[in-house]
Structures are given as C-alpha cells and as structure tokens.
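Naming: A, B, ... by sequence-line order, numbering from 1 per chain. Below, each value reflects all heavy atoms present in this structure, side chains not excepted, and no hydrogens, waters or symmetry copies.
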There are 2 protein chains.
Amino acid sequence: MTDTHSDDVRPVQPLQPEQLGTYFALMEAVSLLQHQVEQQLRAEGDISYVQFQLLARLAHGPGPLTMTDLADGVVYSRSGLTYQAGLLEKAGLITRGPAPDDDRATLVTLTGAGRALVARVLPGHVEVSRRLLFDPLTDDDVRHLGDIMTRVRDHMRARPPRSAAPRKRQRS
Amino acid sequence: MTDTHSDDVRPVQPLQPEQLGTYFALMEAVSLLQHQVEQQLRAEGDISYVQFQLLARLAHGPGPLTMTDLADGVVYSRSGLTYQAGLLEKAGLITRGPAPDDDRATLVTLTGAGRALVARVLPGHVEVSRRLLFDPLTDDDVRHLGDIMTRVRDHMRARPPRSAAPRKRQRS
DNA sequence: TATTGTTATACTCTATAACTATA
DNA sequence: TATAGTTATAGAGTATAACAATA
C-alpha cells in the first residue's frame with residue numbers, strides 16, 4: 001500500500017506536521033490581514049479589495065488592459081469581472097472602450113478619478129500592511145518572505161492556463 | 001516578546017518598494033491558493049473553506065467549543081457564525097447544545113459524520129497545499145515561512161480584543 | 001470553432017440591528 | 001450593564017449558462 005508517486009523526486013512524505021502548521025498559520029494570518037485591509041479600503045475609499053486590485057493593476061501598468069488581462073488572477077469568472085467593471089465604471093473610476101486590434105475585446109482605462117482614488121487610498125493601505133504584517137518582521141524576514149511568495153505565486157500562475165478561461169473539453 | 005522591534009521608534013519610512021512587492025506577492029499567492037483549496041473542498045466534501053476551518057478546529061481540539069471560541073479568527077460577525085453553524089448542523093456535521101457552566105453559551109460538538117468528513121477531505125486538502133504551496137519551497141523555506149507567519153498571526157491576534165465582538169462605541 | 005465579453009439568474013455569504021436570555 | 005447567541009433582512013459578490021459578436 002505504499003503509494004510512491006513517481007512524478008515527484010521527493011520521498012512519499014504526505015506533508016509533515018510542520019508543513020501543515022505552516023499552511024494554517026499562513027492562511028489564518030492572511031485572512032486576518034485581508035479583513036483589516038478590507039476595512040481600511042471600505043472606510044477610506046468605499047471600495048472592496050477586489051476593486052482595489054483592479055484599479056491598482058491599471059494604475060501600475062503602462063496603459064489600458066483588456067477585460068481578460070485585467071481579470072487575470074483577481075477574478076475567477078468572466079461575469080464576475082463584468083460585474084466589478086460595471087461598478088467601477090458607474091463610479092467613474094474606469095472607462096471601457098473598444099480595442100483597436102481586436103474587435104471582440106474591451107479596453108479598460110483608468111480615469112483621473114480612478115488614479116486619484118488609488119493615490120488617496122494607498123497610504124492607508126500601506127500603513128495597515130506595515131502595522132499588521134511588517135512590524136513583527138526583520139528586514140531579513142521580509143526579504144525571505146518576498147522571495148518565497150514570489151516563487152510560490154509564479155509557480156501557481158504557471159499551472160493553470162488562464163484564469164478566466166472556462167474549462168473546455170478539448171482533446172489534445 | 002512578540003515584537004522584535006521597538007514599538008514605533010522607526011523613522012517614517014512609508015514602506016519600501018520591496019515591502020510593497022512582498023505584500024502583493026503574498027496576497028496574490030494566497031488568493032490563488034485559497035481559490036484552488038475551495039475547489040477541492042467543494043468537490044470532495046461539498047463544504048466551503050470557512051466551514052472546513054470550523055470543522056477542523058473542532059476536530060483538532062480536545063472537545064466542544066462555544067460559538068464565540070469557535071468563531072475566533074474565522075468568522076467576523078456573530079450572525080455569520082450562527083448562519084454557518086446552522087448549515088453545518090443541518091448537514092449533520094455538528095450539534096449544538098447548552099453549556100453547563102454558562103447558560104448563555106452554546107457548546108458546539110463535532111458529530112461522527114463531521115469528524116469523518118474532515119478525515120475524508122483532509123488528504124486532498126493537504127495534497128493541494130503541497131502541490132501549490134510547498135513544491136517550489138525548500139525545507140528551509142518552509143521552516144522560515146512557518147516561523148514568520150506564526151509570528152505575524154500572533155501579532156495580529158494580539159491586537160483586536162475579540163473577533164466576534166461588535167464594535168461598541170457609545171455615541172451620545 | 002474558439003474566444004471575448006455581457007446578461008440573466010440563482011445562490012452563497014456577510015453584516016447590521018433588533019431581540020431574548022443570562023452573567 | 002455587558003455578554004452569548006439567534007433572527008430578520010438587506011446588500012455584496014460569485015458562478016453558471018445562454019447569448020451575441022468577432023477571430
């Protein structure tokens with residue numbers, strides 16, 4: 001009954017207790033952090049964390065994004081993004097327009113108000129994360145944590161093909 | 001001894017770019033992980049992650065918990081917990097009964113079915129976290145991550161008085 | 001045929017406030 | 001008065017499927 005997986009170099013090791021503890025600590029800490037962050041964003045900008053992510057992604061990048069590119073990793077269904085984009089557009093934070101090179105696509109552009117909102121909310125956002133996340137950490141901790149989570153994120157993003165893509169039955 | 005740094009003696013430092021990158025990498029990685037984990041729990045046990053947390057907390061501990069203790073850090077409003085407990089009880093996974101030492105409290109007990117469900121779902125859960133979170137990490141990474149997140153979690157849990165306690169601010 | 005995006009709809013979940021009962 | 005829990009209800013958010021238009 002030894003289920004030795006051959007697709008992995010490691011020995012069987014179903015996950016050491018230490019790993020399970022690490023996993024739960026990670027999930028709980030981030031859950032608490034998320035909750036506080038949501039409070040701050042709602043209080044100071046009247047937006048959700050998802051909406052902040054979408055705006056921040058637009059503010060950080062060089063220009064407009066298509067709906068699909070914008071959704072990537074933030075919203076996990078097409079309709080979910082359309083819903084959020086509708087709210088943001090109604091609030092005057094983004095605009096949606098046609099894409100020159102692909103008539104199917106919609107280009108999402110950050111408005112001045114949208115950019116201003118990000119700028120207005122970011123300091124408090126940063127302050128919350130500093131107080132709750134970084135305060136108990138040394139500089140070395142932060143470096144290591146950044147390195148670890150970047151690797152994990154890239155690892156996860158590499159696995160599924162596309163976030164908003166529906167599961168399609170296609171024989172390769 | 002939770003704070004390695006002195007209280008607020010730091011210079012202003014609005015948060016270095018490296019910290020901001022670390023923060024976003026953390027949030028995005030955990031968001032992706034959460035989504036995959038929810039899929040697994042829904043598929044194999046037809047429960048949400050919140051419900052899994054409540055069951056796991058009961059399964060891990062030595063006995064029944066009061067509603068408030070059960071909610072701590074998982075659900076952030078009393079009614080939210082009552083709602084989830086109602087679902088779990090209706091599904092036969094927990095029972096609710098009176099508490100001997102405090103007639104206001106409700107003791108939540110895991111049923112056999114509840115314990116069995118946790119046992120049935122845990123392997124797949126562990127497998128997902130192993131594949132998505134631990135695969136790209138070395139043993140040293142895991143150790144450091146566990147240490148970091150434990151410290152962060154304890155730091156955050158120390159701040160608010162009680163999770164399910166409503167914010168009572170007496171305004172005249 | 002596949003992909004991009006929207007709409008309609010049903011559903012889950014959360015939070016606020018009012019309420020009861022006990023400490 | 002404060003705390004533990006429930007209820008009612010409203011609102012936000014998500015996912016599925018059907019749809020139209022374009023590649």
A:Y49 OH to D:dA12 C1', in whole Å, measures 18 Å
Output for pair (A:M156 CE, A:M149 CE), nearest 0.5 Å, gives 7.5 Å
Residues A:D69 and A:R57: closest non-hydrogen pair is O-NH1, 3.5 Å
So B:T106, base contact, sugar-phosphate only, or nothing? Heavy-atom distance under 4.0 Å.
sugar-phosphate
Taking a hydrophobic cluster as the set of Ile, Leu, Val, Met, Phe, Trp and Tyr residues connected by side-chain heavy atoms closer than 4.5 Å, whether directly or through intermediates, do B:I94 and B:L107 fall within one such cluster? no
- Can you say whether the rings of B:F24 and A:F52 are parallel (under 30°), tilted (30 to 60°) or perpendicular (over 60°)? parallel
Name the pairs: protein N/O against N/O of nucleotides 21-23 of chain D, kept only if under 3.5 Å.
from	atom 1	to	atom 2	distance (Å)
D:dA23	OP1	A:D103	N	3.0
D:dA23	O4'	A:R104	NE	3.4
D:dA23	O4'	A:R104	NH1	3.4

Are B:L122 and B:L58 connected into the same hydrophobic cluster when the rule is that any two of I, L, V, M, F, W, Y join if their side-chain heavy atoms are below 4.5 Å apart? yes
Rounded to whole Å, CG of B:L65 lies from P of D:dA4 at a distance of 14 Å
Between CD of A:E38 and P of C:dC13 the distance, given in whole Å, is 16 Å
Review point. Between A:R143 and A:D147, is the closest basic N to carboxylate O distance under 4.0 Å?
Key: no
Near-ring test B:H125/A:Y23, centroid separation under 6.0 angstrom: yes
Given protein heavy atoms under 4.0 Å, the one-letter contact record of nucleotides 13-19 of chain D, with B base, S sugar-phosphate only and - none, is simply BBBB---
* Would you say B:T82 reaches D:dT7's phosphate, i.e. side-chain N/O to OP1/OP2 under 4.0 Å? -> no
From CG of A:L88 across to P of C:dT6 the rounded distance in Å is 12 Å
Whole-Å distance, A:Q34 CD to C:dT14 P, equals 12 Å
Rounded to whole Å, CG of A:D46 lies from C1' of D:dA12 at a distance of 12 Å
- Message: Quick one: does any side-chain atom of A:Q36 pair with a main-chain N or O of A:L132 as donor and acceptor, under 3.5 Å?
- Response: no
To the nearest angstrom, the CE-P distance between B:M67 and C:dA21 comes to 18 Å
Rounded to whole Å, CZ of B:F52 lies from P of C:dC13 at a distance of 16 Å
Minimal heavy-atom distance between A:T22 and B:G146, with the atoms involved, is OG1-CA, 3.4 Å
